[in-house]
Each structure stands twice: as C-alpha cells, then as structure tokens.
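This report concerns only the one structure given below.
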Number of protein chains: 2
Amino acid sequence: MNQDQINRFRNFSRSVAVEVGALEDSFLNRGRPLGSARVLNAIGLGHENVSDLRTYLKLDTGLLSRLLRGLETEGLIETKPNPVDRRSRITKLTPKGDQEFDVYETLSNERAANILDRHKNARHLLDAMDVVTIALSREDITFEEVQYTSEIVAKCLSAFAAELSKRLNSGFDLENSGDPELSQMQHPHGTFVVAKLGDMPLGCVGIKGNGTSVAEVKRMWIAPAARGLGLARRLMVTAEDAARALSITTLRLDTNRILFEAVSLYQNMGWLEIDRFNDDPYPDIFFEKKL
Amino acid sequence: MNQDQINRFRNFSRSVAVEVGALEDSFLNRGRPLGSARVLNAIGLGHENVSDLRTYLKLDTGLLSRLLRGLETEGLIETKPNPVDRRSRITKLTPKGDQEFDVYETLSNERAANILDRHKNARHLLDAMDVVTIALSREDITFEEVQYTSEIVAKCLSAFAAELSKRLNSGFDLENSGDPELSQMQHPHGTFVVAKLGDMPLGCVGIKGNGTSVAEVKRMWIAPAARGLGLARRLMVTAEDAARALSITTLRLDTNRILFEAVSLYQNMGWLEIDRFNDDPYPDIFFEKKL
DNA sequence: TCATTTATCTGACTTTAGTCAGGTATTTAT
DNA sequence: ATAAATACCTGACTAAAGTCAGATAAATGA
C-alpha cells in the first residue's frame with residue numbers, strides 16, 4: 001500500500017470525521033449531553049435490554065445505569081424487569097421518548113438527505129458509500145441459510161438477473177435458466193445461502209437438489225459493491241458445507257465464460273470442467289465437484 | 001430522497017463512526033487524552049500558530065492554552081512568540097514531540113493500510129472513498145488560476161488525456177489537439193483554472209489566448225469522482241470571469257459529441273454552435289460565446 | 001440448600017472537556 | 001501619544017465522562 005493511497009484514505013477519514021462531528025453538534029443543540037442522546041437513540045433503534053445497550057455502546061455499567069436514570073427522570077424511558085430473568089431489565093421509550101427519538105432521527109435523516117440532494121446523481125454517491133460501508137464492516141458480514149421464499153432472496157435474484165442481462169449480451173431470463181421449484185431449493189432437498197450485512201444483501205448461492213446425492217449450484221451472485229473482499233469463496237464454502245449436511249456428494253453447475261470472476265473462482269476451489277449436462281441457452285461451461 | 005436511500009447513507013455513517021471511534025481508542029491507548037493528542041497532531045500537520053490551531057480544532061482560547069501548556073511540560077512542543085507579531089505565538093514539535101507525532105501517524109496509517117490491504121482491488125475502494133470525500137467536502141472545493149507549468153496542471157492534463165483516449169475510440173493525443181504554447185495559457189494572453197480539494201485535482205479548464213479579443217477554451221475536464229456536483233459549471237464561470245479580466249470578448253471551443261455532458265453544459269450556459277474553425281482530428285462540434 | 005455467579009445499581013471518586021471573566025503584552029488606529 | 005483592538009494567558013468555575021469498589025436481588029450449580 002503506497003503513501004498516496006494511504007493519504008486518500010486519510011482524507012476520507014478526515015472528511016467523514018468532520019461530518020460525524022457536525023451531526024453530533026446538531027444533537028447537542030437539543031440540550032442533552034451526547035451520552036444521554038446516544039442511549040436514547042440506541043433504545044429507539046431496538047437495543048432494549050440493559051446488557052445489550054452496554055455492549056452496543058461500550059459503556060461502563062455504572063455510567064449506563066446513571067444515564068438510564070437520567071432519561072427516566074426526564075420521562076423519556078421506562079424500565080421494567082425482564083420477566084424471563086428478573087435480574088436483567090428491559091427499557092422502553094415512553095410516548096414522549098418516542099417523540100424525542102423521532103427528533104433525533106429527523107436530524108440524521110435531514111443531514112443525509114441534504115448531502116444526497118445536492119448530488120445530481122445520488123445513486124453514484126450511494127454506490128460509493130455502500131462500497132465503503134461493506135469494506136469497513138467486513139467482520140459483520142454473515143452467511144445464512146434462508147427460505148427461498150424470503151424477501152431477501154427475491155432481492156438477490158432480481159439483482160442477479162439484472163446483472164446477467166447486462167453481461168450476457170443475449171439478455172437473461174430466470175425462467176429459461178433451469179428455474180428451480182421451491183421444494184428443490186429448501187431442506188431436505190436443497191438450500192439457499194445469503195451473504196448479508198445487516199439487512200443489505202451482499203451475495204447468494206443456491207443448492208438445487210432432488211433427493212439424490214447429486215445436486216446443482218445455482219444463482220451464485222455477489223453484489224458489485226461487495227466484490228474484491230473474497231466473499232464469493234466464503235459463500236461457496238458455506239454452500240458446500242450445507243450440501244454435505246444434506247448428504248449430497250456431487251455438486252454440478254453451469255455458467256458462462258463471460259462471468260470470468262466466477263469461472264476462475266470455481267477453478268480455484270477445485271471444481272473440474274465437465275461436459276454440458278443441460279440444454280439451457282445461457283451457459284457455455286460446466287463444472288463438477290466431489291464433496 | 002427516499003427512505004431506502006437515506007438508510008443506506010445512515011448505514012454508511014454508522015460504519016465510519018465505528019471506524020473513527022476505533023482509531024480514537026487506539027490514540028487513547030497512548031495514555032494521553034484525546035484533546036492533547038488532537039493538538040499534537042494538528043501541530044505535526046503544520047498548524048503552527050496558536051490562532052490557526054484554535055480555528056482548525058474549534059477550541060476555546062483558554063482550553064487550547066492549557067492543552068499547549070500540558071504538551072509543553074511533557075516536553076513535546078516548544079512555543080515562541082511570532083517575530084512578525086509578538087502578540088501571537090508559534091508552536092513547534094521538539095524532537096521528542098516529532099517522535100510521538102510519528103507514533104500517531106503510524107497508528108493512522110496502519111489502520112488505513114489494514115483496511116485497504118484486505119481488498120483485492122484497493123483502487124475500487126479508494127475511488128469510492130474519493131467520491132464520498134468530495135461529496136462531504138463540497139464547501140472546501142476551490143477554483144484557482146494556476147501556472148500552466150505547475151504539477152497539478154500536469155496531473156489534470158494526463159487524466160484528461162487518458163479519459164479522452166478511452167472515450168473517443170480513435171484514441172487521443174494532446175499534441176494533435178491544438179496543443180497550446182506555454183505563453184498562450186498564462187497571463188497576459190490566457191490562463192489555466194483548476195478545481196481542487198486540498199491538493200486533490202478535481203477539474204480544470206484553460207483559456208488559450210493570443211493577445212487579441214478572441215480566445216479559446218481548452219482542456220475542460222472534471223474528475224470522475226467529482227461529477228454530478230455542478231463543478232463544471234462553476235469551473236466555466238471562473239474561466240469566463242478570468243477571460244473577461246484579460247479583455248477577451250469572444251470565447252470559442254471545440255469538442256466531441258461523445259462528450260455529451262460537456263456539450264449539454266455548453267448549450268446550457270449560453271454557448272452557440274458555430275462552424276468548424278480548425279482542422280483538429282478529434283472535435284466534431286464547435287461553440288462560441290460572447291462575453 | 002447454600003455458595004457462586006450474574007445483572008444491575010449506588011456512592012464516591014477522578015479525569016477530561018468546556019466556559020467565562022479578567023489580565024498582560026503587543027499592535028493598530030486616530 | 002494614547003485609546004482600542006488583538007492574541008494569548010490564568011484562575012475559577014461547571015458539566016460531562018469515566019472508574020471502581022461495594023451492595024442488592026435474582027438465578028444457577030453442586
């Protein structure tokens with residue numbers, strides 16, 4: 001990494017630090033110290049029990065306790081013991097607290113909208129922000145098996161289809177591409193794995209099974225903003241593990257040489273090229289892997 | 001601006017706030033309060049006199065004074081009166097202070113390198129960071145007339161040429177493109193205007209004059225990361241003002257329809273299409289504007 | 001059951017940050 | 001020459017943030 005690149009990174013850090021500081025100043029204008037405001041916001045964002053708040057905000061138990069007491073006497077929150085474990089406690093915003101939380105939310109949203117609005121093409125800026133967000137939050141990316149019918153899968157598949165349409169100049173239609181039955185993409189026959197950051201979908205891959213020991217890998221996709229971080233490999237590892245757990249011993253897949261990143265990943269991960277095994281219009285290269 | 005976009009912005013804010021916080025924690029591990037560390041770093045970055053420090057760090061005079069006293073007793077800085085105005089004072093890092101500043105610099109650089117290194121394609125991430133940096137620092141962008149021989153102009157011109165090569169599929173060579181003499185691009189005949197953020201070049205435009213009242217606009221370019229912010233218009237306004245100041249009454253320019261953003265900007269700013277006025281190979285559309 | 005652990009709270013601190021009213025030395029304006 | 005303005009400093013504060021050693025109540029484990 002050369003110094004010029006590091007300087008660009010640090011210019012970035014400086015500019016966002018200024019922006020963060022300005023937002024905090026606007027919070028302080030509400031007349032409440034930042035510590036209390038942070039706690040109030042964390043509660044509003046759904047961090048309801050005290051120990052969750054403590055880890056989320058990295059606060060000392062004594063300090064947090066006092067801040068909660070403060071918000072309580074302001075009438076912004078109510079605290080009651082957790083019925084499941086009466087040692088721990090659950091906080092909740094009162095209607096007044098809800099109102100105050102909304103004020104903070106509005107301040108944040110307005111700052112965001114302001115910066116986005118002065119861009120002729122906010123999409124360009126947001127794409128850049130996604131790239132940064134994902135790079136900085138790399139540790140928080142999760143790989144989960146999800147229901148094929150869930151909303152996040154729909155998001156992934158439409159992004160997947162849109163990208164293939166663009167890259168395969170022939171266009172692309174999911175339905176002409178060995179489109180699986182629901183039952184083939186969920187337990188016990190198959191599964192669907194999604195890479196996520198919070199609720200932002202970063203990538204996906206499906207295992208399309210039929211109860212035999214041979215199954216197919218379908219719909220492998222990584223969001224453009226998430227590329228270059230090695231997520232595809234981790235996604236494939238997760239999928240292969242899931243296949244093994246379903247007693248699948250042979251995986252096959254089809255793809256297109258235009259998707260060169262995918263092709264070289266498969267080659268890299270021990271997939272072997274095999275003969276065409278279907279008549280789908282889009283693929284022109286086929287792979288197999290014994291698990 | 002819809003809520004989904006605002007949420008993406010706010011996810012971004014959250015992730016960078018975490019990163020900023022982590023860097024500050026690593027600073028605190030040096031055993032010095034953040035306030036002092038900030039002052040030390042500001043001095044190391046070249047903010048030498050006390051009033052400059054005060055505005056840069058937005059600190060109260062009393063507070064800054066005390067922080068300086070603290071760094072002095074630590075033996076990290078020395079302060080002496082400004083010989084030009086003995087009311088004001090100039091601070092300087094001692095050798096020990098220099099060392100300590102380097103430690104902070106190393107901490108920052110290492111964090112940056114760490115995040116960049118885990119990216120297969122750091123250029124992609126850095127480009128995204130530039131887009132964000134420029135969007136957030138929009139108010140700090142300056143438009144300056146500079147010497148045609150200066151380093152920043154060389155940077156702009158090579159980026160300009162690289163982009164034209166890519167977009168005009170015929171390729172592009174500065175020398176075949178009415179390449180001006182040095183004297184034509186500087187006072188009193190012409191000038192060269194650069195848009196900058198700090199020392200990052202964001203765009204440029206030249207006025208190529210020959211002592212008559214007619215001059216030519218050349219080399220208009222905006223960095224990809226800086227597009228969509230309306231900089232081209234501000235750049236052109238600056239250039240037209242500079243031309244007026246040089247007693248130029250008619251400006252002409254040539255460009256290519258492929259550069260559609262530029263063409264529509266000219267049309268928008270009151271330029272009128274005229275007949276071809278040179279034999280250069282690249283342009284296919286010509287404009288004129290009376291000042 | 002009873003010692004131990006866990007989750008939170010309280011009190012008594014210290015440190016850091018921030019504010020503000022003078023005060024001194026120097027420069028500027030008239 | 002002298003009043004006003006400027007640049008910085010000091011002292012005397014307040015507020016906020018952070019620390020830490022108990023204390024209490026509830027849950028857990030042998």
Side-chain angles (χ1 to χ4, degrees), chain A residues 17 20-22 24-43 47-74 76-92 104, chain B residues 17 20-22 24-43 47-74 76-92 104:
Chain A
V20 169
E24 291 185 344
D25 280 352
S26 81
F27 274 23
L28 280 175
N29 280 340
R30 292 289 306 162
R32 189 174 292 109
L34 253 179
S36 311
R38 252 196 273 270
V39 174
L40 182 67
N41 281 302
I43 296 171
H47 299 273
E48 295 207 317
N49 53 66
V50 177
S51 59
D52 182 14
L53 281 170
R54 208 160 36 225
T55 53
Y56 179 69
L57 298 169
K58 290 187 189 118
L59 289 179
D60 169 85
T61 81
L63 181 48
L64 175 57
S65 195
R66 242 180 301 274
L67 290 170
L68 288 172
R69 247 22 77 228
L71 292 171
E72 239 167 30
T73 56
E74 275 194 88
L76 300 172
I77 63 170
E78 273 167 357
T79 312
K80 58 167 198 255
N82 181 343
V84 177
D85 178 346
R86 300 181 49 81
R87 289 171 302 181
S88 74
R89 310 190 69 197
I90 295 177
T91 59
K92 223 176 65 108
Y104 285 117
Chain B
V20 168
E24 290 185 344
D25 280 352
S26 80
F27 275 23
L28 280 175
N29 279 341
R30 293 288 307 160
R32 188 173 293 109
L34 254 178
S36 310
R38 250 196 275 270
V39 173
L40 182 67
N41 281 302
I43 297 171
H47 298 273
E48 296 208 315
N49 53 66
V50 176
S51 59
D52 181 14
L53 282 170
R54 209 161 34 226
T55 53
Y56 179 69
L57 298 168
K58 293 188 188 117
L59 289 179
D60 169 87
T61 80
L63 181 49
L64 176 56
S65 195
R66 243 179 301 275
L67 290 170
L68 289 172
R69 249 19 82 228
L71 291 171
E72 239 167 29
T73 57
E74 275 194 87
L76 300 171
I77 63 170
E78 273 166 357
T79 311
K80 58 168 199 253
N82 181 343
V84 177
D85 178 346
R86 301 179 48 80
R87 290 170 303 181
S88 74
R89 309 190 69 196
I90 294 177
T91 58
K92 223 176 66 109
Y104 286 117

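The chains referred to below are lettered A, B, ... by the order of the sequence lines, with proteins before strands, and numbering in each begins at 1. Fair warning: this is a prediction, and the values are worked out from it, not measured in the lab.
Here A:S51 lies in heavy-atom contact (under 4.0 Å) with sugar-phosphate atoms only. When heavy atoms are screened at a 4.0 angstrom cut-off, A:T61 is found touching base atoms of the nucleic acid. Using a 4.0 Å heavy-atom criterion, one finds that A:S65 contacts the bases of the nucleic acid, with or without backbone contacts as well. Residue-level contact check: B:R66 touches the bases, meaning some heavy atom is under 4.0 Å from a base atom.
Rounded to whole angstrom, the span from the CG atom of A:L64 across to the P atom of C:dG11 amounts to 17 Å. Computed from coordinates, the A:L67 CG to C:dC9 C1' distance equals 13 Å when rounded to whole Å. Counting to the nearest Å, the P atom of D:dA17 and the CG atom of A:L68 are 14 Å from each other. Summarising the geometry, the separation between CD on A:E24 and P on D:dA17 is reported as 10 Å, rounded to the nearest angstrom. Between the P atom of C:dC9 and the CD1 atom of A:I90 lies a distance of 13 Å, rounded to the nearest Å. The distance from atom CG of B:N82 to atom C1' of C:dA25 is 14 Å, rounded to the nearest whole Å. In this structure, the CG atom of B:L34 is 7 Å from the P atom of C:dA17, given to the nearest Å. Rounded to whole Å, atom P of D:dA21 lies 11 Å from atom CG of A:D60.
Here C:dT16 is the nucleotide among D:dC9, C:dT16, C:dC9 with the atom lying nearest to any side-chain atom of B:P33. Picking from C:dT16, C:dG18, D:dA17 the nucleotide with the shortest atom distance to the side chain of B:L59 gives C:dG18. Comparing D:dT10, D:dA26, D:dA17 by their nearest atom to the side chain of A:R86 picks out D:dA26.
Nucleotides of DNA chain D nearest to A:D85 and B:N49 differ in position, and the one nearer the 5' end is that of B:N49. Between A:R87 and A:L63, the one whose closest nucleotide on DNA chain C sits nearer the 5' end is A:R87.
B:S36 contributes no side-chain N or O that, together with a main-chain N or O of B:L67, makes up a donor-acceptor pair within less than 3.5 Å. For A:S88 (side chain) and A:N82 (main-chain N/O), no donor-acceptor pair under 3.5 Å exists by modelled atom type.
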- B:R38 and B:E24: salt bridge (charged side-chain N to carboxylate O under 4.0 Å, His left out), yes or no, with the steps? CA-CA 10 Å; B:R38 250 196 275 270; B:E24 290 185 344; 3.6 Å; yes
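A:T79 and A:E72 share a donor-acceptor pair across their side chains, judged by distance under 3.5 Å alone.
An OP1 or OP2 oxygen of D:dA25 is reached within less than 4.0 angstrom by no side-chain nitrogen or oxygen of A:R89. OP1 and OP2 of C:dA7 both lie 4.0 Å or more from every side-chain N or O belonging to A:R54.
B:N49 has its side chain out of reach of B:R89: every pair of non-hydrogen atoms, C-beta onward, lies at least 4.5 Å apart.
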